[in-house]
Protein chains: 2
Amino acid sequence: MLSNTEENYLKALLKITLLNENEQVGTNELAKHLNVKPATANDMLKKLKEKSFVEYEKYGKINLTDEGKTKAIYIVRKHRLWETFLYEKLDFSWDEVHEVAEQLEHIQSTKLIDKLDKYLNFPLFDPHGDPIPNTKGEFLSIYKKKLSDVEIGQSCKMVAVRDNSSSFLQYVVKLGLGLNNQIKVISKQDFDGTIEIEVEEKKSFVSTKFAENLFVI
Amino acid sequence: MLSNTEENYLKALLKITLLNENEQVGTNELAKHLNVKPATANDMLKKLKEKSFVEYEKYGKINLTDEGKTKAIYIVRKHRLWETFLYEKLDFSWDEVHEVAEQLEHIQSTKLIDKLDKYLNFPLFDPHGDPIPNTKGEFLSIYKKKLSDVEIGQSCKMVAVRDNSSSFLQYVVKLGLGLNNQIKVISKQDFDGTIEIEVEEKKSFVSTKFAENLFVI
DNA sequence: AAAATTTGTTAGTCTTGCCTAACTTTTATA
DNA sequence: TATAAAAGTTAGGCAAGACTAACAAATTTT
């Protein structure tokens with residue numbers, strides 16, 4: 001049985017490895033993700049190695065074992081199902097679901113999650129556009145192009161966000177953006193890379209950082 | 001902010017004071033309810049006194065303060081709403097809901113609970129027949145007579161259970177009993193108080209202990 | 001009322017998960 | 001390549017929540 005804290009470490013490790021495809025995961029980065037100090041993360045890595053959820057040697061690379069990855073994906077499954085429930089059934093808004101799901105994802109009951117999945121009609125994506133793993137841990141992986149990769153004059157469709165923080169999502173909403181919205185890239189500034197976009201007749205300027213956090217297709 | 005553990009202590013204190021109306025709550029009894037040793041319960045009592053959720057002096061009586069009682073009732077509200085959700089929406093059986101609700105009751109989000117309440121149509125009773133407190137902490141208090149109090153030859157209706165353990169509830173189901181069922185008391189044995197009951201044409205014998213855990217009207 | 005039993009309390013220890021401070025290894029830079 | 005910077009590690013401490021063992025107070029029994 002894993003503690004909530006251990007589960008959070010596994011989830012963070014999965015997230016980091018999936019986000020920075022090729023980059024390697026480090027103690028510092030892991031610690032930053034979890035808002036703890038590197039020393040703390042280091043302690044936990046030893047513990048998770050002991051329990052064989054991660055592979056790693058002193059000063060070496062950190063990798064989830066198959067078992068660790070399975071656990072981590074299951075937590076993601078729970079998180080995204082709860083987000084979907086909050087959004088679809090309880091009428092939570094897009095940017096409110098994450099925080100509560102962070103708590104709900106640690107509830108231990110396979111039966112509960114399977115029944116919730118069924119109740120929601122086996123959804124494939126959560127309210128942020130992220131794929132929901134099935135009982136076997138499989139999930140649809142859509143190719144994620146960032147808004148920042150779109151050429152001037154091209155249009156695209158918003159399919160997901162990279163950052164689930166409330167502050168980011170509220171900004172997204174403020175710009176009139178939402179899942180499946182059509183976005184046209186009007187221009188880019190040479191100076192700082194600011195991008196001018198048009199959404200439903202409305203033009204706005206967004207930063208490169210912002211554009212790197214919006215997935216489109 | 002209260003920890004899950006602290007919440008469980010408050011809940012246990014409320015439960016004990018409501019069950020044994022006049023009897024006084026003791027360290028030992030509290031410890032037994034929470035599956036900890038008396039010394040542990042004692043430590044926590046000091047802490048809860050410090051935070052002014054309980055009133056008590058060394059070797060003296062233990063009482064929840066108004067604040068403590070409010071907190072405790074709110075946890076009960078959450079617990080019973082979750083049980084109702086599991087039973088009504090997710091198709092859990094009567095005897096499975098308690099365990100999962102024990103975890104769900106600690107999720108911190110007032111918004112979540114209010115929305116859940118609304119989604120369930122503001123239910124007044126949970127699947128075990130226990131009243132669900134409203135946002136103000138008020139709840140319907142129905143007079144609870146025990147099956148063991150029913151006279152020979154009399155009939156009654158089952159309205160709630162005193163013990164939510166899976167083992168007890170499964171036994172209830174096995175006897176063909178459920179909420180709102182009509183129960184007729186056929187006879188009582190002088191020897192050990194065993195009671196013969198009839199439910200939907202079916203006769204069974206139940207122990208005094210069992211009969212003291214079934215509320216009827 | 002004294003003795004025995006039950007109930008309640010204190011002191012000291014353990015584990016988990018976090019911290020700081022100091023140190024070591026690796027990587028980047030001059 | 002030597003040195004500076006960054007990243008990673010270790011040692012020692014702290015708070016929460018549990019435990020055991022020993023002790024104190026209250027209650028029951030004789």
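To find a chain, count down the sequence lines: A is the first, B the second, and so on, and within it residues start at 1.
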Just list the side-chain donor-acceptor pairs under 3.5 Å for residues 127-137 of chain A, sequence neighbours left out, or say none.
{"unit_1": "A:H128", "atom_1": "ND1", "unit_2": "A:E83", "atom_2": "OE1", "d": "3.1"}
{"unit_1": "A:H128", "atom_1": "ND1", "unit_2": "A:N164", "atom_2": "OD1", "d": "3.2"}
{"unit_1": "A:H128", "atom_1": "NE2", "unit_2": "A:W94", "atom_2": "O", "d": "3.2"}
{"unit_1": "A:D130", "atom_1": "OD1", "unit_2": "A:K144", "atom_2": "NZ", "d": "3.0"}
{"unit_1": "A:N134", "atom_1": "OD1", "unit_2": "A:K136", "atom_2": "N", "d": "2.8"}
{"unit_1": "A:N134", "atom_1": "OD1", "unit_2": "A:G137", "atom_2": "N", "d": "3.1"}
{"unit_1": "A:N134", "atom_1": "OD1", "unit_2": "A:E138", "atom_2": "N", "d": "3.0"}
{"unit_1": "A:N134", "atom_1": "ND2", "unit_2": "A:E138", "atom_2": "OE1", "d": "2.9"}

Provide, to the nearest angstrom, the distance between the [atom1] atom belonging to [X] and the [atom2] atom belonging to [N].
{"X": "A:M44", "N": "D:dT10", "atom1": "CE", "atom2": "P", "value": "16 Å"}
{"X": "A:K61", "N": "C:dT26", "atom1": "NZ", "atom2": "P", "value": "13 Å"}
{"X": "A:M1", "N": "C:dT16", "atom1": "CE", "atom2": "C1'", "value": "16 Å"}
{"X": "A:L34", "N": "C:dC19", "atom1": "CG", "atom2": "P", "value": "10 Å"}
{"X": "A:L2", "N": "C:dT16", "atom1": "CG", "atom2": "C1'", "value": "14 Å"}

Validation row: A:V100, A:F85 side chains within 4.5 angstrom (heavy atoms): no

Considering all heavy atoms, the nearest A:L34-A:N8 contact: CD2-O, 3.6 Å

Touch class at under 4.0 angstrom, heavy-atom based, for B:T5 against every strand present: sugar-phosphate

B:E29 side chain to B:H33 side chain, donor-acceptor N/O pair below 3.5 angstrom: no

Among B:I195, B:L214, B:L175, B:V206, the one residue meeting side-chain contact (heavy atoms from CB on, under 4.5 Å) with B:I183: B:L214

Pair B:K111 + A:D91, salt bridge at N-O below 4.0 Å: no

Please list, pair by pair, any protein nitrogen or oxygen found under 3.5 Å from a nitrogen or oxygen in nucleotides 7-13 of chain C.
{"unit_1": "C:dG8", "atom_1": "OP1", "unit_2": "B:T27", "atom_2": "N", "d": "3.4"}
{"unit_1": "C:dG8", "atom_1": "OP2", "unit_2": "B:T27", "atom_2": "N", "d": "3.2"}
{"unit_1": "C:dG8", "atom_1": "OP2", "unit_2": "B:N28", "atom_2": "N", "d": "2.8"}
{"unit_1": "C:dT9", "atom_1": "OP1", "unit_2": "B:Y59", "atom_2": "N", "d": "2.7"}
{"unit_1": "C:dT9", "atom_1": "OP2", "unit_2": "B:T27", "atom_2": "OG1", "d": "3.1"}
{"unit_1": "C:dT9", "atom_1": "OP2", "unit_2": "B:N42", "atom_2": "ND2", "d": "2.2"}
{"unit_1": "C:dT9", "atom_1": "O5'", "unit_2": "B:N42", "atom_2": "ND2", "d": "3.1"}
{"unit_1": "C:dT10", "atom_1": "OP1", "unit_2": "B:K58", "atom_2": "NZ", "d": "3.2"}
{"unit_1": "C:dT10", "atom_1": "OP2", "unit_2": "B:K46", "atom_2": "NZ", "d": "3.0"}

